[in-house]
**Student:** 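This is the structure I have questions about; it appears just below.
Indexing begins at 1, ligand by ligand and atom by atom, following the structure's order.
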Amino acid sequence: MPASLSTPNTETLPYLIVGQGIAGSLLAWHLEKAKQPYLIIDNNHQTSASKIAAGIINPITGRRFVKSWMIDTFLPFAKSTYQEIEKELGIQVWQDMDIIRFFMSNAEGNNWLTKTTLEGYDQYLKKEKNAHFLHHYINDEAGFGTVVGAKVDLGKVIKNFQNYFQNKGVLIAESFDYEQLEIEPNKVIYKEISARKVIFCEGYAAFRNPWFAHLPYESAKGEALILRIPNLETPDIIKKHFFIVPLENDLFWFGSNYEWDDLSNEPTEIGRNYLEKELKQILKVDFEIVNHLAAVRPVLKDRRPAIGLHPNNDHIAFFNGLGTKGTSIAPYWANEMVQFLTKGKTLPEEVNVRRFILQ
Ligand SMILES: Cc1cc2nc3c(=O)[nH]c(=O)nc-3n(C[C@H](O)[C@H](O)[C@H](O)COP(=O)(O)OP(=O)(O)OC[C@H]3O[C@@H](n4cnc5c(N)ncnc54)[C@H](O)[C@@H]3O)c2cc1C
């Protein structure tokens, strides 16, 4: 078993991470790089958004084609982190991918053209792209533009990290019971584990965490379909209101919707019917639904991550609120969090969990 209750020097105690989604996995990864001991508790991904996410990194978003928050910093950092993980775990998860963005109107197309001339946008927007064969498959009313993006196979990252952590003997497969956490002056104790700090990374399930129940959660469920679309051979992600993301063979990920009332994690008939109806308007060809997935994105009211220490207790930490963009933002903030924990680097107020006042 890990650290003993009687370990006198708290600096040698492990960090105890709760949750092995992309947040907890990358935090553990950066702690390891910083030569810090850690243990992870995860309930076998019972409520994992990371496992079903498409893993798209889309630098230009919204109807007005705005650059995604801090993307110039996040994208290169994410690429080098995932490529390092690929090397160390012997897997392939990163793909540079274009996103073919179909316009909903001519006005949108004009707006796009203006953006292509703006400084700082040119690296993400391609003026020329030979993807006109997609007209055979996609209903195209107003043309398309091309965004230079990427995709990470997050499901594969999580699965391979799970094996990696299991093999190292640092992953405990159980549900964390908040009532069993004891706070001591210099450490926390959870069952037989003494830890330097507990770092909560439970994704949307954090609303049940009594230490962080005061945060303004606006988590959003998303459902997705796995499709077979015979003969559609595209190396690119297609976006027309929804994303169509090529997987292996002739399979595609299609999604997703946003639902704020039902945060159940279960795929629903309403969700499936809605996605299927939308899909029929987008696709000109037949498709087959081979799977239906659902999970909840951990979103906070101000749409920023929440990281750092509990307002009243320095041994309780949080790394969450990755929202709709965990793939691109988790690598950078996990590293910043580790720099904060190990070197005292200041966390920007914008992401610091202490910005939320404890009532
Ligand atoms: C349909 C859908 C599509 C998405 N597509 C994209 C995309 O294309 N690109 C992108 O960047 N983002 C996407 N996202 C968002 C992305 O999934 C999240 O930003 C990210 O996965 C959040 O990671 P996390 O580690 O914080 O949470 P999670 O992945 O949910 O991980 C939390 C982990 O903690 C575990 N856990 C929770 N409570 C406990 C407990 N008490 N004890 C033990 N373990 C516990 C859970 O089971 C889980 O394994 C999508 C999300 C959805 C739902």
**Student:** Has ligand 1 got any nitrogen or oxygen that is less than 3.5 angstrom from a nitrogen or oxygen of R297?
**Tutor:** no
**Student:** Should you measure from each heavy atom of A295, which atoms of ligand 1 turn up under 4.0 Å away?
**Tutor:**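 Checking each atom against A295, I get 53 (C).
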**Student:** Check the side chains of D72 and Y124 for a donor-acceptor pair under 3.5 angstrom, ignoring hydrogens and angles.
**Tutor:** yes
**Student:** Tell me, which protein residue and heavy-atom name are nearest atom 5 (N) of ligand 1, and how many Å apart are they?
**Tutor:** A54 N, 3.4 Å
**Student:** Counting only heavy atoms, which portion of E174 has something under 4.0 Å from ligand 1: side chain, backbone, both, or neither?
**Tutor:**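 It is the backbone that gets close, since no side chain atom is under 4.0 Å.
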**Student:** Say whether N43, considering both its backbone and side-chain N or O atoms, lies within less than 3.5 Å of an N or O atom on ligand 1.
**Tutor:** yes
**Student:** Salt bridge or not for R355 and D302, using N-O below 4.0 Å?
**Tutor:**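 Salt bridge between R355 and D302, a charged N being under 4.0 Å from a carboxylate O: yes.
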**Student:** Hey, which atoms in ligand 1 end up nearer than 4.0 Å to a heavy atom of G21?
**Tutor:** 25 (O), 29 (O), 31 (O), 33 (C)
**Student:** One thing to verify: whether E336 and K343 come together as a salt bridge, which I'm taking to mean a side-chain N less than 4.0 angstrom from a carboxylate O.
**Tutor:** no
**Student:** Under 4.0 Å from ligand 1, counting heavy atoms only, is it the side chain of A224, its backbone, both or neither?
**Tutor:**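 Under 4.0 Å from ligand 1, A224 contributes no heavy atoms.
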**Student:** Using distance alone, determine whether N320 and ligand 1 share an N or O pair under 3.5 Å.
**Tutor:** no
**Student:** Can an N or O of Y204 be found at a distance shorter than 3.5 Å from an N or O of ligand 1?
**Tutor:**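 In this structure, Y204 places no N or O atom under 3.5 Å from an N or O of ligand 1.
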**Student:** Any atoms of ligand 1 less than 4.0 Å from a non-hydrogen atom of I56? List them with their elements.
**Tutor:**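 Heavy-atom distances to I56 below 4.0 Å select 7 (C), 8 (O), 9 (N), 10 (C), 11 (O).
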**Student:** Out of G326, S50, S25, who gets a non-hydrogen atom closest to atom 23 (O) of ligand 1?
**Tutor:** S50
**Student:** May I ask you to say whether D261 pairs ionically with K221, meaning some side-chain N is under 4.0 Å from a carboxylate O?
**Tutor:** no
**Student:** Of all the atoms in ligand 1, which lie at a distance below 4.0 Å from a heavy atom belonging to S256?
**Tutor:**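 By the 4.0 Å cutoff, the relevant atoms are 1 (C).
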**Student:** Scan side-chain atoms only and decide if E278 and H241 contain a donor-acceptor pair under the 3.5 Å cut-off.
**Tutor:**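 H241 and E278 do not have a side-chain donor-acceptor pair below 3.5 Å.
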**Student:** Hey, is T324 touching ligand 1 through its side chain, its backbone, both or neither, going by heavy atoms under 4.0 Å?
**Tutor:** backbone
**Student:** At less than 4.0 angstrom from any non-hydrogen atom of A53, what atoms of ligand 1 do you find?
**Tutor:** 3 (C), 4 (C), 5 (N), 6 (C), 13 (C), 14 (N), 17 (O), 50 (C)
**Student:** If you measure every N or O of T47 against every N or O of ligand 1, does any of those distances drop under 3.5 Å?
**Tutor:** yes
**Student:** Please determine if E108 and R64 form a salt bridge, counting it only when a charged side-chain N lies under 4.0 Å from a carboxylate O.
**Tutor:**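 Answer for the salt bridge query: no.
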**Student:** Within the structure provided, determine whether L154 and K51 are in side-chain contact (heavy-atom separation under 4.5 Å).
**Tutor:** no
**Student:** Report yes if some N/O of V18 lies less than 3.5 Å from some N/O of ligand 1; otherwise report no.
**Tutor:**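 By distance alone, the answer is no.
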**Student:** Can you confirm whether the side chains of Q36 and T342 place a donor and an acceptor under 3.5 Å from each other?
**Tutor:**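 Their side chains do not contain a donor-acceptor pair, so the 3.5 Å distance test is not met.
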**Student:** Should the pair D314-K197 be classified as a salt bridge under the 4.0 Å nitrogen-to-oxygen rule?
**Tutor:**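 Answer for the salt bridge query: no.
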**Student:** Can a salt bridge be assigned to the pair E202 and R208 using a cut-off of 4.0 Å between side-chain N and carboxylate O?
**Tutor:**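 Judged by the 4.0 Å cut-off on N to carboxylate O distance, E202 and R208 do not form a salt bridge.
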**Student:** Please check whether A49 reaches ligand 1 - meaning an N/O of the residue sits under 3.5 Å from an N/O of the ligand, judged on distance alone.
**Tutor:**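 For ligand 1, there is an N or O atom that lies under 3.5 Å from one belonging to A49.
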**Student:** Give the residue and atom name of whichever protein heavy atom lies nearest to atom 38 (N) of ligand 1, and the separation in Å to one decimal.
**Tutor:** E202 CB, 3.4 Å
**Student:** What protein heavy atom lies closest to atom 10 (C) of ligand 1? Include the residue and the distance to one decimal.
**Tutor:**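 Checking every protein heavy atom, the shortest distance to atom 10 (C) of ligand 1 gives T327 OG1, 3.0 Å.
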**Student:** Look at ligand 1 and say whether C201 reaches it with a heavy atom at a distance under 4.0 Å.
**Tutor:** yes
**Student:** Do R297 and S256 pair up side chain to side chain, a donor and an acceptor below 3.5 Å, judged on atom types alone?
**Tutor:**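 Side chains of R297 and S256: pair found under 3.5 Å.
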**Student:** Do me a favour and list the nearest non-hydrogen protein atom to atom 27 (O) of ligand 1 with residue, atom name and distance?
**Tutor:**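 Protein heavy atom at minimum distance: G203 CA, 3.4 Å.
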**Student:** Give the contacting part of A23 toward ligand 1: side chain, backbone, both or neither, where contact means a heavy-atom distance below 4.0 Å.
**Tutor:** both
**Student:** Please state which protein non-hydrogen atom is closest to atom 35 (C) of ligand 1 and give its distance, to 0.1 Å?
**Tutor:** D42 OD2, 3.3 Å
**Student:** Hey, is the main chain of D262 close enough, under 3.5 Å, to the side chain of E259 for a donor-acceptor pair?
**Tutor:**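 Yes.
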**Student:** Decide yes or no on ring-ring contact (aromatic ring centres under 6.0 Å, His included) for F161 and W29, but give the supporting numbers first.
**Tutor:** CA-CA 9 Å; F161 262 135; W29 172 260; 5.7 Å; yes
**Student:** Going by distance only, is there an N or O of G222 that falls short of 3.5 Å from an N or O of ligand 1?
**Tutor:**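 Among all N and O atoms of G222, none is under 3.5 Å from an N or O of ligand 1.
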**Student:** Quick test of your reading of the model: are D96 and K151 salt-bridged, counting only N-O distances below 4.0 Å?
**Tutor:**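 K151 and D96: not salt-bridged.
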**Student:** For the OG atom of S25 and the NZ atom of K159, what is their distance to the nearest 0.5 Å?
**Tutor:**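 Nearest 0.5 Å value for the OG-NZ distance: 12.0 Å.
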**Student:** Give the residue and atom name of whichever protein heavy atom lies nearest to atom 34 (O) of ligand 1, and the separation in Å to one decimal.
**Tutor:** G19 CA, 3.2 Å
**Student:** Does any N or O of ligand 1 fall below 3.5 Å from an N or O anywhere on S328, backbone included?
**Tutor:** no
**Student:** Does the pair N320 and Y217 meet the rule for a side chain to side chain donor-acceptor pair (under 3.5 Å), with working shown?
**Tutor:** CA-CA 11 Å; N320 206 321; Y217 297 102; 5.8 Å; no
**Student:** Ignoring hydrogens, just give me the one of G323, A78, S219 whose non-hydrogen atom is nearest atom 15 (C) of ligand 1.
**Tutor:**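 Checking each option, the heavy atom nearest atom 15 (C) of ligand 1 is found in G323.
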**Student:** Which ligand 1 atoms, with their elements, are less than 4.0 angstrom from a heavy-atom of A205?
**Tutor:** 37 (C), 38 (N)
**Student:** Considering F243, W253, F176, which one's heavy-atom position lies nearest to atom 40 (C) of ligand 1?
**Tutor:** F176
**Student:** Would E32 and Y164 count as having a side-chain donor-acceptor pair, cut-off 3.5 Å?
**Tutor:** yes
